[in-house]
There are 2 protein chains.
Amino acid sequence: MSESEAVSEPEQDHSARNKTADPPAGLRERKRAATRQTIERAAVQLALEHGYDTITVEMICHASMVSQRTFFNYFGTKEGVILGTAPPMPDEAATRAFIEGTGSIVGDLVGTIAAAIVDQVPDTELLRLRRQVLQNTPALAAKQMARIVEIEGNLLQVVLDRFRAHGRSEQATPDLLDEARMVVALGAGGMHFAMRAWFETGFNGTPRELVATAVDLINRVTGETPD
Amino acid sequence: MSESEAVSEPEQDHSARNKTADPPAGLRERKRAATRQTIERAAVQLALEHGYDTITVEMICHASMVSQRTFFNYFGTKEGVILGTAPPMPDEAATRAFIEGTGSIVGDLVGTIAAAIVDQVPDTELLRLRRQVLQNTPALAAKQMARIVEIEGNLLQVVLDRFRAHGRSEQATPDLLDEARMVVALGAGGMHFAMRAWFETGFNGTPRELVATAVDLINRVTGETPD
DNA sequence: CGTGAGCTTGCAGTCACTGCATTATTCACC
DNA sequence: GGTGAATAATGCAGTGACTGCAAGCTCACG
């Protein structure tokens, strides 16, 4: 009863853009988004300049002119402000494509997840700075990777759907659930590879290239077994 | 390496009763080991009874009759005392066996790592209690899994050795290093599966059975490609 | 023995994070 | 436009993990 926040949780917020707000949302909402962004930028900025470990929440608050309490209302933790929003699930279309796919199942899974993450971000500048911070702070990079595990449950369902779509049942294969779990686990491993390349060793190339490379490697290593 | 004493109370006088078979250590060293164990047991005990999140380091210190400072001298963090020692690298023989192996490379890798962990401690009572604590504390279980990453660097070397032993060179395959990285990443994923089964859903069976199951699944999913 | 190395401890302090009560804003409705 | 009900921002006081430092204590060894 301490890991999860009690009161307010960092809320999703896709409407926050760099400049003017596209959606004519209420003033309240707009202000909120602005504050959030101010804090985020100040934090990333400071972390880049002085190192994540040496800066304090108080510094961030001072730089962004909010109270410490407000900081924690927005981002539950000091990590939270650097890591940003959690990696998203693939959208409807991508999910369907995966389910009906016929390539190496692990490779397909990694490609699908990675594509979802890559497609997500509009704010490239902030993203780059974030990435730099993670490069200098291995502990944070590890946390970021661990986040993929959070959507593991959903992925499991999708993998099972693919199995069924391919005519496999739990009657024919009693441990089909375990097999799906293993696919997800291996997929997480593949993502681990990709994110390590992306965060730690500054991969010089587009994210798409990175994904292609990773999927290619997985297929080579796992032998491209359809499923 | 070898701790098998049953000193369940703080450093009381254990004058002539010490069946120290292997360690012909000095008094100092023995005392140290005893203290360590006392703290460990108290901590695990308390965590089991009240939950990891609700107990404090002070409670542990009180129960094991050491100062807080001493606690942190032994285990740098509150987590540390529950997680115990980090997972070890496979020994010489196991490593060689892996290098010369011809099975699915990811499966072989997971089998080798898992075997090393399983062989590590002759199923102590403490181990079982630890496992229970992790079952009740997902955040800790996650940390434990993340620990495998710590030996990633060494594993990478071993995988490369296997490649070379099989006649593969970086000249024939320019991105051989990346391929090895991917193998390690997928292997970590496989371990993830096994540890999840072991810690979170109390797998009822011997650790060896679990390993066999996991390797079997990996081979099925990845198509048993030799390498 | 006596002395130095290694352990343990108390203490003071930093920092992340939380609950609660209060004040300031914004919204919804009249 | 004014007003009361949300909602957000803040101050404050506290908890708990963790660290550096400066003793004091214990064991090892000549």
Side-chain angles (χ1 to χ4, degrees), chain A residues 1-11 13 16 21 23-39 42-43 46-47 50-83 137 139-140 143, chain B residues 10-15 18 20 23-39 42-43 46-47 50-83 137 139-140 143:
Chain A
M1 39 188 25
S2 68
E3 281 298 314
S4 301
E5 307 63 43
V7 191
S8 27
E9 166 71 11
E11 290 172 24
D13 138 39
L27 170 60
R28 206 167 234 166
E29 210 169 324
R30 248 177 305 142
K31 254 191 168 172
R32 211 175 146 72
T35 309
R36 164 176 288 267
Q37 238 184 21
T38 303
I39 300 176
L46 283 171
H50 304 107
Y52 174 80
D53 294 321
T54 64
I55 68 174
T56 70
V57 171
E58 198 191 328
M59 286 188 209
I60 300 172
C61 291
H62 179 262
S64 46
M65 298 196 291
V66 296
S67 73
Q68 218 173 29
R69 202 62 189 76
T70 297
F71 174 91
F72 283 110
N73 281 344
Y74 276 87
F75 315 89
T77 66
K78 184 185 168 190
E79 290 178 355
V81 74
I82 302 293
L83 295 185
T137 322
L140 270 191
K143 272 273 176 186
Chain B
E11 40 192 334
Q12 51 184 233
D13 52 294
H14 40 304
S15 32
N18 252 345
T20 49
L27 171 59
R28 204 165 233 166
E29 208 168 325
R30 249 178 303 144
K31 248 189 171 174
R32 211 174 146 70
T35 308
R36 166 174 286 267
Q37 237 183 21
T38 303
I39 300 176
L46 283 171
H50 304 108
Y52 174 81
D53 295 321
T54 64
I55 67 173
T56 70
V57 171
E58 198 191 328
M59 287 189 209
I60 300 172
C61 292
H62 179 260
S64 45
M65 298 199 288
V66 295
S67 73
Q68 220 174 38
R69 203 62 190 75
T70 297
F71 174 91
F72 283 110
N73 281 345
Y74 275 87
F75 315 88
T77 66
K78 184 184 168 191
E79 290 179 355
V81 74
I82 302 293
L83 295 185
T137 321
L140 270 191
K143 273 274 175 186

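Throughout, a chain's letter reflects where its sequence line sits, starting with A, and its residues are numbered from 1.
Regarding contacts with the backbone of C/dT8, every side-chain N or O of B/T70 stays at 4.0 angstrom or more from both OP1 and OP2. For A/Y74, no side-chain nitrogen or oxygen approaches OP1 or OP2 of D/dA8 to under 4.0 Å. Distances shorter than 4.0 Å separate none of the side-chain N or O atoms of A/R30 from OP1 or OP2 on C/dT26.
Distance CD1 (B/I55) to P (D/dG16): 12 Å, rounded to an integer number of Å. Regarding A/D53, its CG atom lies at a distance of 12 Å from the P atom of D/dT19, rounded to whole Å. Taking atom NE2 on A/H50 and atom C1' on C/dC15, their separation rounds to 18 Å, with Å as the unit. D/dG11 atom P lies 16 Å from atom CZ of A/F71, rounded to whole Å. To the nearest angstrom, C1' of D/dT19 lies 18 Å from NZ of B/K78. Computed from coordinates, the A/R32 CZ to C/dT26 P distance equals 14 Å when rounded to whole Å. Put simply, CD on B/E79 is 17 Å from P on D/dG16, counting in whole angstrom units. Distance B/R36 CZ to C/dT8 P: 10 Å, rounded to the nearest Å.
Considering all non-hydrogen atoms of both residues, A/I82 and A/A47 come closest at CD1-CB, 4.0 Å. Contact record, B/F75 with B/R36: CE2-NH1, 3.5 Å, taken as the closest heavy-atom pair. The minimum heavy-atom distance between B/T54 and B/M59, with the atom names listed, is O-CE, 3.6 Å. Closest approach of A/I55 to A/L46, counting heavy atoms only: CG2-O, 3.7 Å. The shortest non-hydrogen separation linking B/K78 to B/D53 is NZ-O, 4.1 Å. Taking all atoms of both residues into account, the shortest heavy-atom contact from B/I39 to B/F71 is CG2-CD1, 3.7 Å.
Residue A/T77 has its side chain nearest to C/dC17 when only D/dA17, C/dC17, D/dA9 are considered. Nearest nucleotide to the B/F72 side chain, out of D/dT19, C/dT9, D/dA9: D/dT19.
Using a 4.0 Å heavy-atom criterion, one finds that A/I60 contacts no nucleic acid atom at all.
Residue A/S67 is the one, among B/E58 and A/S67, whose nearest nucleotide of DNA chain D lies closer to the 5' end (criterion: closest heavy atom). Residues A/Q68 and B/T56 both approach DNA chain D. Their nearest nucleotides, taken by heavy-atom distance, put A/Q68 toward the 5′ side.
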Subject >> Secondary-structure notation, DNA chain D, from Watson-Crick and G-U pairs under 3.5 angstrom (| other strand) >> reply: ||||||||||||||||||||||||||||||
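Inter-residue side-chain proximity for B/V81 and B/Y74 is flagged as unmet; no heavy-atom pair is nearer than 4.5 Å. Inter-residue side-chain proximity for B/Y52 and B/E79 is flagged as met; some heavy-atom pair is nearer than 4.5 Å.
Under 3.5 Å, the side chain of A/R69 and the base of C/dG19 form at least one donor-acceptor pair of N or O atoms.
Between atom OG1 of residue A/T56 and atom NE2 of residue A/H62 there is a gap of 11.0 Å, rounded to the nearest 0.5 Å. The OG1 atom of B/T38 sits 8.5 Å away from the CE atom of B/M65 when rounded to the nearest 0.5 Å.
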Subject >> Per-nucleotide protein contact string for nucleotides 22-29 of chain D, where B marks a base within reach and S marks sugar-phosphate only (heavy atoms under 4.0 Å, - for neither) >> reply: ----BBS-
